Undergrad: 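Once you've had a glance at the structure underneath, I'll fire off some questions.
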Amino acid sequence: MRKRRWLRISLIVGGSGFLVLAALFGIAWAMTPIPDSTQKDATAQGSVIYYRDGKTVIARQGVDRRTVELAKVPEHVRDAVIAAENRSFYDDSGVSAKGTTRALWSTLTGQQLQGGSTITQQLVRNYYSGLSQERSITRKFKEIMISIKVDQSKSKDWVLEQYLNTIYYGRGANGVQAAAHAYFGKDVDELGVAQGAYLAAVIQQPSRFADPKGADLAAAEVRWRSIVQAMVETGALTPGEAAEQRFPKLTAPKKPFQLKGQGQYMLEQVTAELNRRGYTDEDINGGGLRIVTTFDKKLMEAAERAVKETLPEATPKKVRTGLAAVDPANGEVVAFYGGSPHQTEYDNAFSAKVMAGSTFKPYTLAAALDNGFDLSTRVNGNSPMRVASAPDTPIPNDSGRSYGLINLVSATQNSVNTAFVDLAQKVGTDKVAATAMAMGIPAKQLDPHVAAATFPLGVASVSAVQNASGFSTLANGGVHMEAHVVKHVTRADGGKDTIEPAATQAVSKQAAADATYAMRQVVQYGTGTAARLYDRPVAGKTGTTDDSKSVWFNGFTPQLAVAVDMFRSDNKPVTVPGYGVQFGGQLPAQIWRAFMTEAMRGEPVEDFPEPSGLGYTSDYSAPERDYDERPSTTPTRQPEPWDDGGEPETTEPPFIDDPPVDQGPEEEQGPPEQDTDQPAPPDLQPSARPDDSEADPAPLG
C-alpha cells in the first residue's frame with residue numbers, strides 16, 4: 001500500500017510539474033513574439049560613390065555588404081554552408097535538441113558557451129533586434145522560442161537567404177556576395193565548388209582564415225577538406241566530384257579603402273548634398289546606395305595639375321588656392337581643387353568664402369542690362385566719387401585715374417570702380433543683389449552689404465563654386481542651373497533618383513549675351529589677357545580686393561565656367577616670393593588658362609552669341625578716354641624682394657602652416673569667410689586699392 005501511495009504521489013507531483021512547465025512554456029511562448037525590427041548592422045549595406053562615369057569608385061561608406069537573392073547563390077555554395085553549419089537544416093524545426101541541451105548545460109554550469117546552434121538560431125541571434133550576445137539562460141531560451149516561431153512562419157529558403165546575407169566572413173565582408181569579392185574577386189554566382197566550400201569554412205573562424213599562413217593555412221585546408229567530405233555525406237557531391245576539388249587560391253586581402261587626393265572633399269560635398277536632398281547619414285552608411293557624382297576624374301586631375309604646376313615652389317603654405325568648374329548647361333560641378341587635405345580640414349573651393357572683389361562687377365552689369373540699360377549707356381568714371389549714402393568717404397579708381405563718361409564695355413574692360421558704383425546707384429543695389437541671388441549667390445552672403453555704396457565692387461564673400469556657378473548663368477543664356485555634385489542615386493531596391501537641378505531665368509538671354517561681350521574685352525584687351533585661349537573665345541573678369549587679400553580670375557567658354565581664387569588663411573595680402581603681391585590677372589589667370597587649355601582640348605570651338613548692337617560700334621578695343629592710352633595687355637611686374645622673417649603672427653590662435661621653427665603645430669581655424677562688418681568697408685578706406693586693374697598695381701597714396 002505504501003509503495004502504491006508513493007507512486008500515486010509521484011505521478012501527481014510529476015503531472016503537476018509537467019502541467020506547470022507546460023503552462024510556463026505557454027506563457028513564455030505567448031510573451032516572446034518575433035521581433036518586428038532587425039539589428040542595424042545585420043541588414044546595413046554600404047554605399048558606393050562613383051565619378052560621373054558610374055564605374056570609377058571615389059569612396060565606399062559603411063558596412064561592406066551587398067545583398068543578393070538566394071536564386072543568385074549557386075546551389076553548391078548553399079550546400080557547402082549547410083554541410084558546414086547545419087546538415088539537418090531543411091528537416092529540423094529551427095533548433096537542435098542535442099546542441100541546445102549542450103549549450104544550456106554549459107551556460108548553467110558556467111563553462112564556455114558551446115556551439116550547436118542551427119542556421120536558424122544563428123540568424124535569429126544576429127538578425128533580430130532585442131537579442132543580446134550575453135551568455136545567459138534567459139537569452140538562450142528567448143533565442144530558442146523565436147527560432148521555433150521563425151521556422152513555423154518563414155520558409156527555409158527565406159531563412160537561408162537572410163543568413164547568407166547576414167553572416168560575417170572576415171576581411172571586412174558581410175554576406176556571401178561581399179565575401180566572394182573579398183576572397184576571390186568575383187560575384188557569388190561565379191564561384192566554383194572549392195571556392196564555395198572555402199567560404200563555408202571561413203564562417204567558423206573568420207579572423208583566423210581571412211588570410212591564413214603557416215599553421216593557420218594548414219588548419220584552413222583541414223577545415224576545407226572536412227566540408228568537402230561533408231558535402232559527400234549529405235549527397236551534395238559524389239565521391240568522384242569531391243576528389244576533383246583542389247584547395248582554392250585566395251586573392252590578396254585588399255587594404256582598407258582610403259580616400260586619396262581630393263577624395264575627402266568630394267565625399268564631404270556629396271554627403272552634404274545628399275543630406276540636403278533628404279538622405280540621412282544612416283541611408284548613406286547603411287542603405288546600399290549607388291551614388292554617381294558629377295565629378296570628372298580626368299578634369300579633377302587636370303585641376304590639381306593646373307594649380308600645382310603653375311604655382312611657384314616658393315609659394316607660402318598659408319596661401320590657399322581654390323578652383324571650381326561648372327557646366328553651364330546643367331549646373332554640374334565637374335571638377336574642383338580644394339587644397340591639400342593633410343594641411344587643412346576645409347576645402348578652398350566649396351567651404352572657403354572670400355571677398356569677390358571686381359569679379360562681382362559682372363553681376364552689377366547683368367542687373368543693369370536686364371533693367372533697361374544697354375552697352376552704350378554712359379556712366380561716370382571719374383575719381384574719386386562721393387555718394388549720398390557716404391558723402392565723407394570718397395571712392396577712388398586705381399591710381400586715382402579718371403575716365404570721364406564711359407560706356408559699359410569700357411567700364412568692364414578697364415574695371416573702373418567709380419563707373420560701377422555709379423551704375424549700381426542708377427540701377428539700385430537691391431536689384432543688383434536680386435540678380436546676384438538669381439545667379440546663384442546666397443542671400444545671406446549679400447544682405448549685410450547691399451546698402452554699402454561699394455557693394456558692386458565685391459565686398460561680399462563668395463566661394464569659388466558659387467562664383468563659377470554665377471558666371472555660368474551668362475554662358476547659359478541667362479538661365480542659372482543650380483550647382484550640384486550628385487547626378488543620380490540608385491537605391492538598394494533598384495529604384496533610381498535622378499537629380500533635377502532647379503533652373504532660374506536670372507536675366508534675359510540678350511542681357512547675358514551683352515554682358516558676355518563686355519567680359520570678352522577683359523580677356524582680349526583688359527586686365528585678363530593672361531587667361532586667353534588662342535583657339536576659342538573666352539569671357540571673364542579679374543578680381544583683386546583691398547591689399548590683395550583675395551585675388552580672382554573667373555571666366556567661361558560656352559561649355560564651361562571656371563573660377564580660381566587665391567587668399568591667405570590669415571587674411572594677409574597674397575604675396576609670392578619672386579612674384580610679389582598678386583593680382584587677379586597674374587597667377588589666378590595663369591592657373592585658369594592652364595586648366596582650361598587641358599579641359600577644352602578636343603572640344604568643339606563654340607562662339608558666344610552676338611551682342612544687341614544698340615547704338616554703338618561693335619569694336620571696343622579702343623574706347624574713348626580722357627587721358628593717354630593705357631597698354632592693352634597686362635604689363636609684367638618685376639619680382640619684389642621677399643622678406644618672410646621676423647613678422648609676428650597676428651591671428652589668435654595661429655593658423656596651420658609655416659609655424660616658427662621653435663613652435664609646435666598651429667591650429668587651423670576653419671574656412672575663412674572674409675567680411676566687412678567694420679565701421680567702414682575696406683573699399684571705403686582712402687589708402688585702399690579697391691580696383692583690380694594691373695596696369696599700375698601701386699597702392700593709392
Side-chain angles (χ1 to χ4, degrees), residues 58-59 258-272 293 295-297 299-326 333-356 461-469 483 485 543 545 548-554 562-577 579 582 584 586-592 594-595 598-599 651 654-659 665-674:
I58 295 175
Q258 293 182 336
L259 291 169
K260 299 178 181 178
Q262 302 296 294
Q264 182 62 46
Y265 296 149
M266 285 189 276
L267 176 60
E268 289 172 359
Q269 294 306 316
V270 169
T271 300
T293 72
F295 303 128
D296 185 296
K297 189 173 188 295
L299 292 184
M300 287 291 298
E301 294 170 350
E304 186 164 1
R305 275 195 299 273
V307 173
K308 292 185 174 180
E309 293 180 5
T310 303
L311 290 180
E313 291 184 5
T315 302
K317 291 183 179 180
K318 279 192 172 66
V319 172
R320 307 293 192 200
T321 303
L323 182 152
V326 175
V333 181
V334 296
F336 72 91
Y337 176 73
S340 300
H342 69 278
Q343 291 182 349
T344 175
E345 293 182 359
Y346 70 87
D347 74 276
N348 302 331
F350 290 88
S351 303
K353 299 176 181 66
V354 295
M355 282 193 286
S461 294
V462 297
S463 70
V465 171
Q466 291 169 347
N467 224 359
S469 177
V485 300
T545 64
S548 292
K549 291 180 179 178
S550 60
V551 291
W552 292 81
F553 185 81
N554 194 2
V562 179
V564 177
D565 64 353
M566 294 178 66
F567 56 93
R568 280 181 63 101
S569 56
D570 55 9
N571 203 31
K572 292 182 178 180
V574 177
T575 306
V576 177
Y579 291 76
Q582 282 300 295
Q586 296 178 317
L587 286 174
Q590 293 172 31
I591 292 169
W592 190 95
F595 172 74
E598 190 167 348
T651 303
F655 287 84
I656 287 178
D657 305 331
D658 280 345
E666 298 172 280
E667 296 181 356
E668 188 64 73
Q669 295 304 297
E673 187 158 355
Q674 294 178 354

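The model shown is predicted, which means the values in this text are computed figures rather than measured ones.
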Undergrad: Hey, what's the ring geometry for F336 with Y265, parallel, tilted or perpendicular (30° and 60° as the breaks)?
TA: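 The rings of F336 and Y265 sit tilted, inter-plane angle from 30° to 60°.
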
Undergrad: Output the distance between atom CZ (R320) and atom OG (S550), rounded to the nearest 0.5 Å.
TA: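 If I round to the nearest 0.5 Å, the distance is 15.0 Å.
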
Undergrad: Supply the atom-to-atom distance S548 OG to R568 CZ, rounded to the nearest 0.5 angstrom.
TA: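 Between S548 OG and R568 CZ, I get 12.0 Å after rounding to 0.5 Å.
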
Undergrad: Evaluate the side-chain proximity of I591 to T321: yes if any heavy-atom separation is below 4.5 Å, no if none is.
TA: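 SC-SC contact between T321 and I591 confirmed.
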
Undergrad: For a quick test of reading the model, state the closest non-hydrogen atom pair linking G338 to Q262 and the distance between them.
TA: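 Answer, listing the atom of G338 first, then Q262: N-OE1, 2.7 Å.
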
Undergrad: Can you check whether M300 reaches M266 side chain to side chain, under 4.5 Å on heavy atoms?
TA: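 Contact flag for M300/M266 side chains = yes.
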
Undergrad: Taking C-beta and beyond as the side chain, do V485 and V333 meet within less than 4.5 Å on heavy atoms?
TA: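 Touching, per the 4.5 Å side-chain cut-off.
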
Undergrad: Please report the shortest heavy-atom distance between N554 and V562, naming the atom on each side.
TA: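 Scanning both residues completely, I find the closest heavy atoms to be OD1-O, 3.1 Å.
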
Undergrad: So, the side chain of W552 versus the backbone of M355: is there a donor-acceptor pair under 3.5 Å, distance only?
TA: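 Judged by distance alone, yes, a pair lies under 3.5 Å.
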
Undergrad: CG of D565 to CZ of F553: how many Å apart, nearest 0.5 Å?
TA: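 Answer for the CG-CZ pair, D565 versus F553, is 13.5 Å.
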
Undergrad: Nearest heavy-atom pair of A302 and F595: which atoms, and what distance?
TA: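 A302 and F595 have their closest heavy atoms at C-CD1, 3.8 Å.
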
Undergrad: Does the side chain of Y579 come within less than 4.5 Å of T315's, by heavy atoms?
TA: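 Heavy-atom side-chain distance check fails, nothing below 4.5 Å.
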
Undergrad: Rounded to the nearest 0.5 Å, what separation is found between the CG atom of N571 and the OG1 atom of T545?
TA: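 So the gap between those two atoms works out to 8.0 Å.
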
Undergrad: Going by heavy atoms in the side chains, are L311 and L587 under 4.5 Å from each other?
TA: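 L311 vs L587: side chains touch.
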
Undergrad: So, for N348 and G339, which heavy atoms are closest and what is the spacing to 0.1 Å?
TA: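 Smallest interatomic distance, heavy atoms only, reads ND2-CA, 3.6 Å.
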
Undergrad: Distance from L323 atom CG to M566 atom CE, nearest 0.5 Å?
TA: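 Reported value, rounded in 0.5 Å steps: 12.0 Å.
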
Undergrad: If you compare all heavy atoms of P316 against all heavy atoms of P577, which two are closest, and at what distance to 0.1 Å?
TA: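 Scanning both residues completely, I find the closest heavy atoms to be CD-CD, 3.8 Å.
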
Undergrad: Give a yes or no answer on whether the side chain of N467 reaches the backbone of A563 with a donor-acceptor pair at less than 3.5 Å.
TA: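 It does not hold such a pair.
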
Undergrad: Looking only at non-hydrogen atoms, find the nearest pair between P588 and G584 and report the distance.
TA: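 The pair with the smallest heavy-atom distance is CB-O, 3.6 Å.
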
Undergrad: Give a yes or no answer on whether the side chain of T271 reaches the backbone of E268 with a donor-acceptor pair at less than 3.5 Å.
TA: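 Such a contact is absent between T271 side chain and E268 backbone.
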
Undergrad: Are the side chains of V576 and Q582 in touch, meaning some heavy atoms are under 4.5 Å apart?
TA: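 They are in contact (side-chain heavy atoms under 4.5 Å apart), so the answer is yes.
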
Undergrad: Hey, could you give me the OG/CD distance between S340 and Q264, rounded to the nearest 0.5 Å?
TA: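 Rounded to the nearest 0.5 Å, the OG-CD separation comes to 13.5 Å.
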
